[in-house]
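One-based numbering along the sequence shown.
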Amino acid sequence: MADHLLYEEEDAPEVSRPILGEGRAGDQTEKIQFFLKGYYRPDAKIGVADRQGYLGGSDAAAIVGVSKWKSPFQLYLEKTGQAEPEDLSDNERVQWGTRMEPVIATEYVKRTGKHARRVTRLIRDKKQPYLAGHIDRRILNENAILECKNVGVGSASGWGEPGSGEIPSYYLPQVHHYLMITGAAYCDVAALVGGNEFRVYTVVRDQEYIELLR
């Protein structure tokens with residue numbers, strides 16, 4: 001397992017909260033920092049729960065324009081503080097996804113014989129620490145991670161043959177974002193489809209795709 005998958009949040013590179021509207025975006029790094037709310041202010045650190053201060057896995061699909069739920073512009077407005085993120089606390093799809101995650105992870109361990117451990121801390125990319133995310137599980141004794149998905153019947157057609165890497169296009173950026181920040185070689189995606197069909201997909205690290213995401 002790559003060491004940087006395990007480093008604690010307090011050991012992560014320091015990233016300061018940027019402020020809106022100061023300066024002018026110049027080179028590519030400055031443009032990305034500007035996207036994350038202007039230029040960085042050194043006296044205010046970004047907390048783990050402050051999603052406005054970093055780009056996470058669920059942001060990746062929106063940025064590349066394949067998200068079913070959010071446009072790139074809407075994400076831009078949220079990250080720059082011009083719009084409030086949608087409150088999903090009462091969203092049943094989100095609630096059931098959260099409730100089913102440990103059930104799906106337990107079934108994955110039972111069926112594959114592999115061991116997985118929950119990761120609760122925020123993981124930051126060492127090269128660009130404003131790229132970060134929370135993964136569902138790390139697979140022990142392997143350089144791999146696990147994502148758990150509770151899939152509705154209406155979305156089942158977007159998934160390929162079990163055992164393949166054919167997952168819906170709106171999940172691919174998220175998975176590769178996590179492969180990028182962890183350094184993992186592959187991600188198993190365990191999916192419970194329609195509440196009664198369990199499938200496992202293996203997405204192998206694609207470095208060219210990851211560089212495109214960067």
Side-chain angles (χ1 to χ4, degrees), residues 46-112 114 116-123 131-139 145-179 181-182 187-203 213:
I46 293 174
V48 172
D50 186 0
R51 290 189 56 84
Q52 193 178 24
Y54 65 89
L55 297 177
S58 58
D59 298 327
I63 291 172
V64 300
V66 297
S67 173
K68 294 171 56 178
W69 304 281
K70 188 174 295 183
S71 70
F73 185 60
Q74 178 61 31
L75 181 66
Y76 168 79
L77 292 177
E78 292 175 7
K79 294 295 182 181
T80 55
Q82 300 178 69
E84 288 294 323
E86 182 182 0
D87 183 3
L88 299 176
S89 58
D90 293 329
N91 184 294
E92 278 202 293
R93 179 182 62 81
V94 174
Q95 289 178 349
W96 280 108
T98 301
R99 292 172 185 171
M100 293 303 294
E101 180 187 311
V103 176
I104 295 170
T106 298
E107 186 66 17
Y108 170 84
V109 169
K110 177 182 176 182
R111 295 202 183 196
T112 64
K114 299 179 181 181
R117 178 177 295 164
R118 186 182 178 196
V119 179
T120 58
R121 59 181 170 271
L122 181 72
I123 299 171
L131 302 177
H134 291 93
I135 63 173
D136 289 342
R137 302 287 190 280
R138 60 175 287 242
I139 299 174
I145 57 177
L146 172 67
E147 282 298 301
C148 303
K149 300 297 183 186
N150 187 44
V151 182
V153 175
S155 301
S157 61
W159 297 77
E161 288 295 318
S164 72
E166 298 174 8
I167 66 174
S169 60
Y170 47 85
Y171 284 141
L172 271 176
Q174 179 187 34
V175 168
H176 277 90
H177 180 93
Y178 293 150
L179 290 172
I181 65 174
T182 62
C187 175
D188 271 353
V189 181
L192 181 63
V193 181
N196 57 14
E197 184 180 354
F198 187 82
R199 305 178 185 177
V200 177
Y201 299 84
T202 299
V203 179
L213 282 181

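Side chains of Y108 and D188: a donor-acceptor N/O pair is present below 3.5 angstrom, by distance only.
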Applying side chain to side chain contact (heavy atoms under 4.5 Å, CB included) to R137 and V119, what does each step give before you reach the verdict? CA-CA 6 Å; R137 302 287 190 280; V119 179; 6.0 Å; no
With side chain to side chain contact (heavy atoms under 4.5 Å, CB included) as the criterion, how do V109 and K114 come out once you've worked through the C-alpha distance, each side chain's angles and the decisive distance to 0.1 Å? CA-CA 5 Å; V109 169; K114 299 179 181 181; over 6 Å; no
I would like to know whether L122 and H134 meet side chain to side chain contact (heavy atoms under 4.5 Å, CB included); could you show each step before the answer? CA-CA 5 Å; L122 181 72; H134 291 93; 3.5 Å; yes
Residues V193, V153; criterion side chain to side chain contact (heavy atoms under 4.5 Å, CB included); working and verdict: CA-CA 6 Å; V193 181; V153 175; over 6 Å; no
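Atom CZ of R117 has 12 or fewer neighbouring heavy atoms from other residues, nucleotides or ligands inside a 6.0 Å radius.
Here the closest non-hydrogen pair linking L179 and V203 is CD1-O, 4.1 Å. Shortest non-hydrogen contact noted between A190 and F198 is CB-CZ, 3.9 Å. Taking all atoms of both residues into account, the shortest heavy-atom contact from E147 to I135 is OE2-CA, 3.6 Å. Taking all atoms of both residues into account, the shortest heavy-atom contact from P102 to T98 is CD-O, 3.5 Å. Between L77 and T80, the shortest heavy-atom contact is O-OG1, 3.3 Å. Closest approach of A62 to P72, counting heavy atoms only: O-CG, 3.0 Å.
We find that R99 and E101 are not joined by a salt bridge, their nearest charged nitrogen and carboxylate oxygen being 4.0 Å or further apart.
Among pairs with a residue in residues 150-172, none fulfils salt bridge (Lys or Arg N to Asp or Glu O under 4.0 Å), at least two apart in sequence or across chains.
Relative ring orientation between W69 and Y171 is described as tilted, the plane-to-plane angle lying within the 30° to 60° band.
Side-chain contact check for V189 versus V200: every heavy-atom pair is 4.5 Å or farther apart.
Summarising the geometry, atom OG1 belonging to T182 is positioned 4.5 Å from atom CD1 belonging to I145; distances are rounded to the nearest 0.5 Å. Taking NZ from K149 and CD1 from I104, the interatomic distance works out to 9.5 Å, rounded to the nearest 0.5 Å. From Y54, atom OH reaches atom CG of D59 across 8.0 Å, with rounding to the nearest 0.5 Å. With values rounded to the nearest 0.5 angstrom, L213 atom CG is found 9.0 Å from L131 atom CG. Here Q174 contributes atom CD and C187 contributes atom SG; the two are 8.5 Å apart, rounded to the nearest 0.5 Å. The OH atom of Y178 lies 9.5 Å from the CD1 atom of I123; values are rounded to the nearest 0.5 Å.
Evaluation of the salt bridge (charged side-chain N to carboxylate O under 4.0 Å, His left out) rule for R118 yields no partner, not counting sequence neighbours. For K70, the salt bridge (charged side-chain N to carboxylate O under 4.0 Å, His left out) criterion is met by E78, not counting sequence neighbours.
S155 places no side-chain N or O within 3.5 Å of a backbone atom of V151 that could act as its donor or acceptor partner. Formation of a donor-acceptor pair under 3.5 Å by the Y201 side chain with backbone atoms of G160 is found in this model. No side-chain donor-acceptor contact under 3.5 Å links H177 to the backbone of P173. In this structure, the side chain of D136 engages the main chain of C148 through a donor-acceptor pair within 3.5 Å.
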